[in-house]
Every structure is written in structure tokens, then in C-alpha cells.
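Values below: all heavy atoms of this structure, side chains included; hydrogens, waters and symmetry mates excluded.
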Amino acid sequence: AENNLSTAMKSVGEVMAIGRNIHESMQKALRGLETELVGFNFVEALVGARAQLQADPAPYLTAAQIILERREFARAIDMANRAELVAARFIDENEGAYQMAGKARGARNRVRAAALDIRAVVSHERGDLAEALRLLEEADRLTRGQDFAVQLHLGDLAVAQRDLDRAQTHYVNALSLRSGSAPLRT
């Protein structure tokens, strides 16, 4: 074992990075991984390296969000698809640790809903509002109306469809989920 202190936590495949903005923080995190990768063009490589250390869909979903913000829709969908595969593999390999079928099903549903949400945002951005609605309604069903991002995106979609009452309902639900104030829920 090496006694040098660094930002890399190799046993869990994580790094810590603090910067003045997201770009600086990400660049520091890239350096902390000691992979010699620089810039944002290596998101998939980083996520792949992280997934080899620990089967976890979260890095794929985070990468999909980063890529989505850069409007690289096909790559974002690919990362969402990979998240679902990684989650399925992880849950299948560790199903005994969940001790109840409901916990495993809930874990699968959360990742599936997150992937559907990413696909729905892409459909919305591409102008396919009917497909976006179909995907978001399925994500909402899987999360039982308890996911902030899904509620927010349902609100955005309702605005695009000029259904302001439905938009308000989803936005209030999203705010309630974020603040934890149950009485606001509609």
C-alpha cells in the first residue's frame, strides 16, 4: 500500500474535486483518476473505467445527463441504455442481498425510470411530444409519482402542450418532492 495522500479513493473508484465551476471540478476529478484523460470528450471512457471497478448505474446516468446538456442526444440515450444493463447485472448478481423481491424490483424500476426520463427529454427536444409523454408516463408509473426529475419534465412537457393546469400540478409535485413537504402534493 502506498502511504501518499491523494484525491483518489481507489478502493471505491471515486475521486474528490472542488473547483470554482463544474468544468474545473470535472477536470480536477479527471486528473484525480490518474487515467491521463483530459477534457469532457472522455466521459464514456471514464464511466467505463468506473463501472469496471464497481457495477453501478449512477455514473452512466450522470454521464447521460452531462452529454444531454451538450445536446448529444444519441450518446445520451446510449449511456442511459448502458445504465439499465449495468443495473440489471448488478441486481441479478446481488439479488440475495436485497432479501426481498420488492427491493430488487424497486431498484430496477428506479434505474429504468431514470433511463426513460433521459429518453423522454431527448424526444421532447426533438419535437416528438407524444413519445416524450409516453416515456414520462411510464417513468412516472414506475416511480409512483415520487421522482423529482420526472415530475419536472412532465411539467415542462405540459407547458409545451399548452396545458398549464397540468403543468402547474407537476411543478407543485416536483417542488414538494424536493422540499419534502407532503401537504403541497396534488
Across all chains, not counting sequence neighbours, the side chain to side chain contact (heavy atoms under 4.5 Å, CB included) partners of Leu154 are Leu133, Leu136, Asp140, Val150, Gln151, His170
Of Val172, Asp165, Asn173, the one forming a side chain to side chain contact (heavy atoms under 4.5 Å, CB included) with Thr169 is Asn173
Is any side-chain heavy atom of [Y] closer than 4.5 Å to one of [X]?
X: Leu116; Y: Arg112; answer: yes
X: Arg126; Y: Glu131; answer: no
X: Asp147; Y: Leu177; answer: no

The side chain to side chain donor-acceptor pair (under 3.5 Å) partners of Arg141 (sequence neighbours excluded) come to Glu138
Roughly how far, to the nearest 0.5 Å, is the [atom2] atom of [Y] from the [atom1] atom of [X]?
X: Arg110; Y: Thr143; atom1: CZ; atom2: OG1; value: 10.5 Å
X: Tyr171; Y: Ser176; atom1: OH; atom2: OG; value: 14.5 Å
X: Glu125; Y: Leu68; atom1: CD; atom2: CG; value: 7.0 Å
X: Gln168; Y: Asp163; atom1: CD; atom2: CG; value: 11.0 Å
X: His153; Y: Asp117; atom1: NE2; atom2: CG; value: 5.0 Å

Taking atom types as modelled, find out whether His124 and Asp156 have a side-chain donor-acceptor pair closer than 3.5 angstrom. no
Minimal heavy-atom distance between Val159 and Ala167, with the atoms involved, is CG2-CB, 3.6 Å
Going by chain and number, the hydrophobic cluster around Leu85 (ILVMFWY, side chain to side chain under 4.5 Å) further includes none
**Request:** Kindly indicate, with the supporting measurements, whether the criterion side chain to side chain contact (heavy atoms under 4.5 Å, CB included) is fulfilled by Arg119 and Asn81.
**Result:** CA-CA 9 Å; Arg119 290 186 199 109; Asn81 292 341; 2.4 Å; yes
